[in-house]
Chemist: 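Quick one: this structure, given as structure tokens, is what I'll be asking you about.
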Amino acid sequence: MINTVYRLCAPRRFEIAFSDLDVTQGVIVRPTHLSICNADQRYYQGTRDIKVLKEKLPMALIHEGIGQVVYDSTDSFQPGDRVVMVPNIPCEEDEVIAENYLRSSKFCGSSSDGFMQEYYQLTPDRLVKLPESVDLDVAAFTELVSVSVHAITRFKSVAHNRREIVGVWGDGNLAYITSLLLKKMLPHSEIHVFGINREKLSDFSFADGTHLTTDIPEGLALDHAFECVGGNGSPIAIEQIIGVIRPEGTISILGVSEYPVPINTRMILEKGLRLFGTSRSGRIDFQRTVELYREYPEIPIHLSRLVGNIVEINKYADIKEAFEVDIKKAFGKTIMHWNI
Ligand SMILES: NC(=O)C1=CN([C@@H]2O[C@H](COP(=O)(O)OP(=O)(O)OC[C@H]3O[C@@H](n4cnc5c(N)ncnc54)[C@H](OP(=O)(O)O)[C@@H]3O)[C@@H](O)[C@H]2O)C=CC1
Ligand SMILES: O=C(CO)[C@H](O)[C@H](O)COP(=O)(O)O
Ligand SMILES: [Zn+2]
């Protein structure tokens with residue numbers, strides 16, 4: 001079956017390509033709602049290292065998305081089923097290393113074509129069925145939610161059990177989702193959010209405290225923390241966390257920075273801190289995320305605050321329009337209704 005693939009061929013330039021899908025293999029999904037991530041914008045704007053861009057492009061972007069099953073040769077799904085696509089594609093299993101950390105895994109929109117295609121072909125284990133009632137514009141960024149689920153799940157296996165006060169740095173999408181899920185997954189902990197935009201922090205109504213990083217209450221000490229900033233803000237955020245976290249605390253680092261980030265190792269030693277990195281997620285995290293949507297219907301309701309611009313993609317030029325709109329966004333996620 002001839003398939004249309006919309007690839008980024010150079011910063012800010014897309015091209016149309018065609019591929020041939022063998023419908024007798026796996027599941028054919030029609031993407032319907034796609035969501036733009038900061039990672040996509042680093043390719044679109046060309047802010048990644050030139051060597052990386054040369055190596056990866058042309059490549060279809062987008063790794064946050066949902067769709068409808070069109071045909072399933074494996075009989076695991078029914079045509080019309082609404083599913084979330086798992087962008088991590090492992091080619092081996094390891095009893096220690098999770099599928100999203102295996103160097104042999106591919107990742108849609110990073111080391112293989114992403115979801116910006118007319119149809120997407122994948123194996124049934126790369127799909128999780130969505131609850132009937134979930135808002136599709138919220139479900140579009142389930143992958144981002146699964147990253148927070150993955151980070152918190154790992155945190156639980158790494159951090160000591162005094163979890164009275166947990167801090168989240170960042171006042172954007174990932175911090176919002178991570179702090180929201182912490183309130184559900186660590187119900188006995190106080191969750192405090194630290195950001196630089198007062199109006200964004202005002203959206204974190206579920207947090208036990210929100211603080212401007214320039215105005216942290218005297219004596220506030222944290223047992224553990226999550227860094228959800230990335231970019232140039234990362235070193236500042238990590239340094240601040242190291243300053244207010246109690247000894248033996250755990251710091252989960254999620255923010256992506258293009259270049260190495262200087263870290264105060266002297267204080268890490270002095271306080272005996274545990275730092276661990278979290279990137280992407282696996283099938284099990286998507287399954288847990290969909291379970292959380294069902295268990296706590298208020299989660300998708302809170303997440304709907306992050307639905308920002310919605311762009312109807314009816315023609316090729318609308319794709320670039322969506323990415324340009326996303327650059328200018330004040331907050332939240334840009335959702336593409338994928339009608340092309
Ligand atoms: N590990 C993973 O698998 C994933 C990682 N990420 C990464 O996580 C990071 C955050 O993503 P996302 O939430 O979507 O991005 P956002 O831009 O929505 O959020 C980052 C927020 O942090 C604010 N900020 C900047 N500096 C500081 C600081 N020193 N302290 C506290 N807050 C600060 C920014 O403010 P302002 O905009 O005003 O600078 C912004 O509002 C990115 O690097 C992204 O690539 C995203 C998805 C998955
Ligand atoms: O956004 C993410 C996951 O949701 C990751 O940060 C992204 O996949 C990293 O990939 P790359 O190395 O291509 O930036
Ligand atoms: Zn992402």
Side-chain angles (χ1 to χ4, degrees), residues 8 34-45 47-49 52-53 55-57 59 61-65 85-89 98 100-101 103 105-112 114-115 140-151 154 167-180 192-201 203-204 210-216 225-241 243-244 252-259 261 276-282 285-286 306 308 326-334:
L8 185 76
L34 304 180
S35 168
I36 298 174
C37 175
N38 278 20
D40 299 309
Q41 281 291 0
R42 288 191 286 265
Y43 292 112
Y44 176 72
Q45 296 179 43
T47 54
R48 292 222 59 183
D49 189 290
V52 170
L53 294 171
E55 178 195 311
K56 292 178 179 255
L57 302 185
M59 173 175 71
L61 298 180
I62 306 296
H63 52 272
E64 298 177 13
M85 291 93 84
V86 179
N88 194 65
I89 307 169
N100 47 307
Y101 297 114
R103 306 305 281 169
S105 293
K106 292 286 185 197
F107 193 83
C108 300
S110 177
S111 49
S112 79
F115 302 150
F141 55 89
T142 294
E143 185 272 347
L144 185 56
V145 185
S146 77
V147 168
S148 294
V149 168
H150 174 67
R154 292 182 89 217
V168 176
W169 259 254
D171 49 29
N173 302 315
L174 189 58
Y176 184 92
I177 296 169
T178 303
S179 45
L180 173 63
H192 288 250
V193 181
F194 302 80
I196 63 173
N197 302 285
R198 190 183 297 281
E199 64 285 358
K200 286 186 177 181
L201 285 172
D203 286 339
F204 290 66
T210 57
H211 313 276
L212 285 174
T213 55
T214 50
D215 186 16
I216 295 180
F226 288 75
E227 181 270 339
C228 299
V229 176
N232 298 334
S234 237
I236 305 160
I238 293 170
E239 179 61 10
Q240 213 169 37
I241 291 170
V244 295
S252 172
I253 297 179
L254 288 95
V256 173
S257 303
E258 198 53 37
Y259 301 101
V261 170
F276 71 94
T278 286
S279 178
R280 301 171 175 169
S281 57
D285 306 303
F286 279 77
L306 294 184
D326 184 60
I327 291 173
K328 301 184 195 83
K329 73 178 182 297
F331 82 100
K333 299 293 287 179
T334 302

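Source: prediction; values computed, not measured. When a ligand or atom number is given, it counts from 1 through the structure's own listing order.
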Chemist: Please check if the side chain of R154 supplies one atom and the backbone of F276 the other of a donor-acceptor pair under 3.5 Å.
Modeler: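 Absent.
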
Chemist: Is a donor on one side and an acceptor on the other found under 3.5 Å between the side chain of E64 and the backbone of L144?
Modeler: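 No; judged by distance alone, with no hydrogens or angles, the pair does not exist.
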
Chemist: If you have a sec, work out which protein heavy atom is nearest atom 12 (O) of ligand 2 and how many Å separate them, to one decimal?
Modeler: R48 NH1, 3.3 Å

Chemist: Provide, to 0.1 Å, the distance between atom 13 (O) of ligand 2 and the closest protein heavy atom, together with that atom's residue and name.
Modeler: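 Sorting protein heavy atoms by distance from atom 13 (O) of ligand 2 puts Y43 OH, 2.5 Å first.
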
Chemist: For atom 19 (O) of ligand 1, which protein heavy atom lies nearest, and how many Å away is it?
Modeler: G172 CA, 3.3 Å

Chemist: Return the name of the atom in H63, of element N, O or S, nearest to the Zn ion (ligand 3).
Modeler: NE2

Chemist: Could you see which bit of H63 sits under 4.0 Å from ligand 2, with heavy atoms only: side chain, backbone, both or neither?
Modeler: side chain

Chemist: Please state which protein non-hydrogen atom is closest to atom 4 (O) of ligand 2 and give its distance, to 0.1 Å?
Modeler: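 Checking every protein heavy atom, the shortest distance to atom 4 (O) of ligand 2 gives E143 OE2, 2.7 Å.
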
Chemist: Looking at S111 and S105, what are the two nearest heavy atoms and their distance?
Modeler: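 Where S111 meets S105 most closely, the heavy atoms are OG-O, 4.3 Å.
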
Chemist: State whether a side-chain donor-acceptor pair under 3.5 Å links S234 with E227.
Modeler: yes

Chemist: Using a plain distance cutoff, I'd like to know if L174 has any nitrogen or oxygen under 3.5 Å from a nitrogen or oxygen of ligand 1.
Modeler: yes

Chemist: I need the contact type for N173 against ligand 1. Using non-hydrogen atoms and a strict under-4.0 Å cut-off, is it side chain, backbone, both or neither?
Modeler: both

Chemist: Which atoms from ligand 1 have a heavy atom of W169 less than 4.0 Å away?
Modeler: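 Those atoms are 30 (N).
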
Chemist: Determine whether the side chain, the backbone, both or neither of Y176 has a heavy atom under 4.0 Å from any heavy atom of ligand 1.
Modeler: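 Under 4.0 Å from ligand 1, Y176 contributes no heavy atoms.
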
Chemist: Would you mind listing which atoms of ligand 1 come within a distance below 4.0 Å of any non-hydrogen atom of C228?
Modeler: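 Ligand 1 atoms under the 4.0 Å threshold to C228: 10 (C).
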
Chemist: Between T278 and ligand 1, which part of the residue brings a heavy atom under 4.0 Å of the ligand: side chain, backbone, both or neither?
Modeler: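 The answer is the backbone.
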
Chemist: Hey, which atoms in ligand 2 end up nearer than 4.0 Å to a heavy atom of C37?
Modeler: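 Counting from 1, the qualifying ligand atoms are 1 (O).
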
Chemist: Within a distance under 4.0 Å of any heavy atom of N197, pick out the atoms of ligand 1 and give their elements.
Modeler: 35 (O), 36 (P), 38 (O), 41 (O)

Chemist: Could you check atom 6 (O) of ligand 2 against the protein and tell me its nearest heavy-atom contact, residue, atom and distance included?
Modeler: V256 CG2, 3.4 Å

Chemist: Looking at every heavy atom in both S279 and N100, which two are closest together, and how far apart are they?
Modeler: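 Between these two residues, the closest heavy atoms are O-ND2, 2.8 Å.
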
Chemist: Okay, side chain of K333, backbone of I36: is any donor-acceptor separation there less than 3.5 Å?
Modeler: yes

Chemist: Does the side chain of R280 pick up a donor-acceptor pair with the side chain of S110 at under 3.5 Å?
Modeler: yes

Chemist: For atom 3 (O) of ligand 1, which protein heavy atom lies nearest, and how many Å away is it?
Modeler: R280 N, 2.7 Å

Chemist: Looking only at side chains, do D171 and N197 share a donor and an acceptor under 3.5 Å apart?
Modeler: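 The criterion, which ignores hydrogens and geometry beyond distance, is satisfied for N197 and D171.
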
Chemist: To the nearest 0.1 Å, how far is atom 40 (C) of ligand 1 from its closest protein heavy atom, and which atom is that?
Modeler: D171 OD1, 3.4 Å

Chemist: State the atoms of ligand 1, each with its element, that fall below the 4.0 Å cut-off from a heavy-atom position in T213.
Modeler: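 Ligand 1 atoms under the 4.0 Å threshold to T213: 30 (N), 31 (C).
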
Chemist: Looking only at heavy atoms, which two atoms of S281 and N88 are closest? And how far apart?
Modeler: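 Heavy-atom minimum between the residues: O-CB, 3.6 Å.
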
Chemist: Please report which non-hydrogen protein atom sits nearest to atom 39 (O) of ligand 1, along with the residue it belongs to and the distance in Å to one decimal place.
Modeler: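 Checked against all protein heavy atoms, atom 39 (O) of ligand 1 sits closest to I196 CD1, 3.9 Å.
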
Chemist: Which of the atoms of ligand 1 are close to F194, meaning less than 4.0 Å from one of its heavy atoms?
Modeler: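 Under 4.0 Å from F194, ligand 1 has these atoms: 31 (C).
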
Chemist: Is the closest side-chain heavy-atom distance between F141 and I177 below 4.5 Å?
Modeler: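 They are in contact (side-chain heavy atoms under 4.5 Å apart), so the answer is yes.
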
Chemist: I need the atoms of ligand 2 closer than 4.0 Å to a non-hydrogen atom of A39, numbered in the order shown.
Modeler: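 Per the distance check, 1 (O), 7 (C).
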
Chemist: Any idea which part of V256 is under 4.0 Å from ligand 1, heavy-atom wise: side chain, backbone, both or neither?
Modeler: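 Both backbone and side chain of V256 come within 4.0 Å of ligand 1.
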
Chemist: Going through the checks in order, is the ring pair (Phe, Tyr, Trp, His ring centres under 6.0 Å) test met by H150 and F286?
Modeler: CA-CA 9 Å; H150 174 67; F286 279 77; over 10 Å; no

Chemist: Check whether any N or O atom of L254, backbone or side chain, sits under 3.5 Å from an N or O atom of ligand 1, and answer yes or no.
Modeler: yes

Chemist: Using a strict 4.0 Å cut-off to heavy atoms of K200, name the atoms of ligand 1 that fall inside it.
Modeler: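 Counting from 1, the qualifying ligand atoms are 37 (O), 40 (C), 41 (O).
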
Chemist: Distance to 0.1 Å, residue and atom name: give those for the protein heavy atom nearest to atom 10 (O) of ligand 2.
Modeler: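 Among all protein heavy atoms, the one nearest atom 10 (O) of ligand 2 is R280 NH2, 2.9 Å.
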
Chemist: Are H63 and F107 near enough that their ring centres are under 6.0 Å apart?
Modeler: yes

Chemist: So if I count the atoms of ligand 1 from 1 in the order they appear, which ones are less than 4.0 Å from some heavy atom of G233?
Modeler: 26 (N), 29 (N)

Chemist: Under 4.0 Å from ligand 1, counting heavy atoms only, is it the side chain of Q240, its backbone, both or neither?
Modeler: neither

Chemist: Below 4.0 angstrom from a heavy atom of L144, which ligand 1 atoms are there? Numbered from 1 as shown, please.
Modeler: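 Under 4.0 Å from L144, ligand 1 has these atoms: 47 (C).
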
Chemist: Closest heavy-atom contact between S146 and D285?
Modeler: O-CB, 3.7 Å

